[in-house]
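Note that these values count all heavy atoms, side chains included, but never hydrogens, waters or copies made by symmetry.
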Amino acid sequence: TGSRPVVPPIPGADGSPVCSLWTMADMDRILARVREGVRRAVVVGAGFIGVEVAENLRVRGLEVHLVDMLPHVLRTLDAEMAAPLHQELTEKGIALHLGQTVAAIEGQASGAPATVVLSGGERIPADLVIMAVGVRPNTELAAAAGLRLAPCGGIAVDEHLRTSDLSIYAVGDVVAVKDAVSGDPALIPLAGPANRQARIAADSIFGRDTRYRVTLGTSVVQVFGLTAASVGRTAAALTAAKVSFRRIHVHPLSNASYYPGAEPLHMKLLFREDGTLLGAQVVGRRNVEKQVDVLATAMKAGMTVYDLADLELAYAPPYGS
């Protein structure tokens, strides 16, 4: 059952120019509109889907506006880590409208372009509006069946992905997972964890004792020529949860400086006073996902920030610095 896109209660959000992107049918509808010759698009929501849709519409030659209520793109990053992405998006021709919401979508009669009205009063003409503000788990069937739901709204499951009815398993966006940092039930809708959960559920059904323990929230996204990846919590999330932490920013090169192709990496690491890893964010043009995968593995293994200095990792001038 997974989840479904959230469509906020905005006047005019049910009009014909407004689409969500969740299924292949949604993609076909958007592509059909592009082939019909739409020229101006507004993407509402600057998460993974919103940023990727904005990029791809721009590559197809559309005028693209990206709107989000946060002051920066991607909730998986802190504000200063998102700054290079803002520059990349702007240089590629995408207009950013951050720290704003959509107040209304007006004027959709007779096939005329819509007008997206922002909370700050700006009015943006649009032939196409993509809603990408988030997802909500489809728990209605589970609730009707009497299954227990977690406080976060997802289906409660144990380490074997069994629901409160031990004959019923649940995996993916619809389930509540254990957050690796807080230990609390959380909704973390990502493809990697969903795939692993499905395999573990299948193992469990056939009697194999494999367990799904926690979700780190490891993610990566391409933004034109940049890559942004992260794992764990952001500083903003830790601060909101009143978790004490330390942070460090480093800016190494993606490979040895004397070897061609070296690009700067912007890295941020968050950890407790005892060295426990809480989160990491990396933005750059090369080797970004490698850095985050190493840090995600270290977090999963319970290593500390002090253990990182002792790691033995592959090195040659083209591959690392």
Side-chain angles (χ1 to χ4, degrees), residues 43 46-61 64 66 68 70-96 98 190-192 216-236 246-271 277-300 303 305-321:
V43 179
F48 297 132
I49 292 176
V51 167
E52 290 179 334
V53 168
E55 175 185 346
N56 281 277
L57 290 175
R58 183 63 187 146
V59 168
R60 294 293 292 260
V64 180
L66 183 59
D68 197 280
L70 286 182
H72 62 84
V73 302
L74 298 180
R75 296 173 185 270
T76 52
L77 300 178
D78 287 311
E80 79 278 13
M81 298 300 291
L85 304 183
H86 294 175
Q87 181 176 348
E88 184 79 359
L89 289 163
T90 302
E91 288 180 353
K92 294 300 190 293
I94 292 179
L96 300 179
L98 303 174
L190 292 169
L216 296 170
T218 312
S219 65
V220 62
V221 63
Q222 176 181 303
V223 183
F224 290 103
L226 286 176
T227 300
S230 65
V231 62
R233 295 287 192 94
T234 62
R246 299 183 68 180
R247 76 193 84 192
I248 185 170
H249 292 80
V250 293
H251 304 276
L253 292 173
S254 58
N255 53 262
S257 60
Y258 56 82
Y259 193 90
E263 295 278 358
L265 288 170
H266 307 292
M267 304 179 65
K268 181 176 185 177
L269 191 64
L270 306 165
F271 53 97
L277 297 172
L278 298 173
Q281 301 158 48
V282 184
V283 177
R285 297 187 183 276
R286 297 186 58 211
N287 288 347
V288 171
E289 68 284 356
K290 170 187 173 181
Q291 311 301 327
V292 168
D293 282 343
V294 169
L295 293 166
T297 302
M299 283 185 68
K300 183 77 170 181
M303 299 174 66
V305 68
Y306 308 109
D307 294 324
L308 295 178
D310 293 328
L311 291 179
E312 182 180 336
L313 303 174
Y315 169 76
Y319 301 108
S321 60

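Nearest heavy atoms, Val288 versus Ala229: CG1-CB, 3.8 Å. Across Met267 and Pro252, no two heavy atoms sit closer than the pair SD-CG, 3.6 Å. Here the closest non-hydrogen pair linking Leu190 and Ser219 is CD2-CB, 4.4 Å. Across all their heavy atoms, Ala280 and Leu295 have their closest contact at CB-CD1, 3.5 Å. Closest non-hydrogen pair, Ala298 versus Leu277, comes out as CB-CD1, 3.8 Å. Among all heavy-atom pairs drawn from Thr218 and Val231, the shortest one is OG1-CG2, 3.3 Å.
Tested against Val43, the residues Ile94, Ile49, Leu57 include a single side-chain contact (heavy atoms from CB on, under 4.5 Å) partner, Leu57. Across Leu96, Leu85, Leu66, a single residue satisfies side-chain contact (heavy atoms from CB on, under 4.5 Å) together with Thr90, and that is Leu96.
Annotation: the span from Arg246 atom CZ to Leu270 atom CG amounts to 12.0 Å, rounded to 0.5 Å. Ser321 contributes atom OG, which lies 8.5 Å from atom CG of Asn287 (distance to the nearest 0.5 angstrom). The line from CD of Gln222 to CG of Asn56 is 8.5 Å long, rounded to the nearest 0.5 Å.
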Residues Glu55, Glu88; criterion side chain to side chain contact (heavy atoms under 4.5 Å, CB included); working and verdict = CA-CA 10 Å; Glu55 175 185 346; Glu88 184 79 359; over 6 Å; no

Kindly indicate, with the supporting measurements, whether the criterion side chain to side chain contact (heavy atoms under 4.5 Å, CB included) is fulfilled by Leu226 and Arg285.
-> CA-CA 5 Å; Leu226 286 176; Arg285 297 187 183 276; 3.5 Å; yes

With side chain to side chain contact (heavy atoms under 4.5 Å, CB included) as the test, would you mind laying out the steps for Arg58 and Phe224 before giving the verdict?
-> CA-CA 10 Å; Arg58 183 63 187 146; Phe224 290 103; 4.1 Å; yes

Throw together a table of side-chain donor-acceptor distances under 3.5 angstrom for residues 253-262, partners on residues two or more places apart or in other chains.
unit_1	atom_1	unit_2	atom_2	d
Ser254	OG	Glu263	N	2.9
Ser254	OG	Glu263	O	3.3
Asn255	OD1	Arg286	NH1	2.6
Asn255	ND2	Tyr259	O	3.3

Show every donor-acceptor pair shorter than 3.5 Å between a side-chain atom in residues 72-83 and any protein atom, with sequence neighbours excluded, or say none if there are none.
unit_1	atom_1	unit_2	atom_2	d
Asp78	OD1	Ala235	N	3.2
Asp78	OD1	Ala236	N	3.1
Asp78	OD2	Ala235	N	2.9
Asp78	OD2	Lys268	NZ	2.8
Asp78	OD2	Gln281	NE2	2.9
Glu80	OE2	His249	NE2	2.8
Glu80	OE2	Lys268	NZ	2.6

Name the atoms and distances for all side-chain donor-acceptor pairs under 3.5 Å in residues 308-319, with sequence neighbours left out.
none

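Within the 4.5 Å cutoff, the side chain of Glu52 has heavy atoms near those of the Val221 side chain.
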